[in-house]
Undergrad: 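Let me begin by handing over the structure; questions about it come next.
Side chains are part of it too, since the values below use all heavy atoms of this structure and drop only hydrogens, waters and symmetry mates. If you're wondering where the values come from, they're calculated on a predicted model, not measured in any experiment.
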Amino acid sequence: MPVSSAEDAEIDLNAFLKTVQVITVHRDLICQENRFYWAIAVEYATGRLNEGRKGAGGKKKIDYKEVLSPEDFAVFVKLRDWRKETAAREAVPLYTIFMNDQLAGMVIKKVRTKSQLGEIDGIGRSRIEKYGDAVLSILKEAGNKTAQKDETGESPV
């Protein structure tokens, strides 16, 4: 997207972004032949958005059961349950731990390290230090069960 005349491209990009569940956005300023451009890469969840429901701030609510595979949704539910228990224990709102889109991003990206957690939009160092080990433990356990299922063709008991 050219820096100096990006209006049309920006309108098109924003229209597209309104139709998908954005996981991450990567932007780089590049120079080519003495002209500057924005290189923008958008990672988004595939699947249908539930267009009828609106959440806080008028944003479209996502039905993650429709967006995620059954295996990924099961992991998402484990993360959501852990978040609910942690928020209750700390007497804080759920979203202060992690938001649903961040939990879904962890599952979709198959996060296995703290540095990968930091690549998810809105997850900073303090959250990684405070909750990273617990989240990675849940994701690792889910990954091990998936690997066992892949090797045997059956779900582990």
Undergrad: Would you sort out whether N100 and R83 count as a side chain to side chain contact (heavy atoms under 4.5 Å, CB included), showing the intermediate values?
TA: CA-CA 10 Å; N100 283 341; R83 179 188 62 182; 2.9 Å; yes

Undergrad: Within a strict 4.5 Å, meaning less than it, do heavy atoms of the D101 and Y64 side chains meet?
TA: yes

Undergrad: Is it possible for you to say whether M99 and F76 belong to one hydrophobic cluster, with membership spreading through side-chain heavy-atom contacts below 4.5 Å?
TA: no

Undergrad: Quick check: does any side chain N or O of S137 sit under 3.5 Å from a backbone N or O of D133, one acting as donor and the other as acceptor?
TA: no

Undergrad: Any heavy-atom pair between the side chains of V135 and L139 that's under 4.5 Å?
TA: yes

Undergrad: Would you indicate whether D121, at its atom CG, is surrounded by more than 12 heavy atoms from other residues, nucleotides or ligands within a distance under 6.0 Å?
TA: no

Undergrad: Looking at side-chain heavy atoms only, is the closest gap between I97 and V92 below 4.5 Å?
TA: yes

Undergrad: Search all heavy atoms of A142 against all heavy atoms of V75 and return the closest pair with its distance.
TA: CB-CG2, 3.3 Å

Undergrad: Do Q32 side-chain atoms and Y37 backbone N/O form a donor-acceptor pair below 3.5 Å?
TA: no

Undergrad: Using 30° and 60° as the class boundaries, would you call the ring planes of Y131 and F98 parallel, tilted or perpendicular?
TA: perpendicular

Undergrad: What is the distance from atom CG of L117 to atom CG of L136, rounded to the nearest 0.5 Å?
TA: 5.0 Å

Undergrad: What distance separates L94 CG from K84 NZ, expressed to the nearest 0.5 Å?
TA: 8.0 Å

Undergrad: Salt-bridge test for K114 and E129: reply yes if a basic N is under 4.0 Å from a carboxylate O, no otherwise.
TA: no

Undergrad: Using side-chain heavy atoms (C-beta onward) and a distance below 4.5 Å, is L79 in contact with V107?
TA: yes

Undergrad: Do E90 and K130 have side chains that get closer than 4.5 Å, going by heavy atoms?
TA: yes

Undergrad: Between K65 and D72, is there a salt bridge with N-O shorter than 4.0 Å?
TA: no

Undergrad: When rounded to the nearest 0.5 angstrom, what is the spacing between CE in M106 and CD in Q116?
TA: 11.5 Å

Undergrad: To the nearest 0.5 Å, what is the distance between CD on E119 and NZ on K109?
TA: 5.5 Å

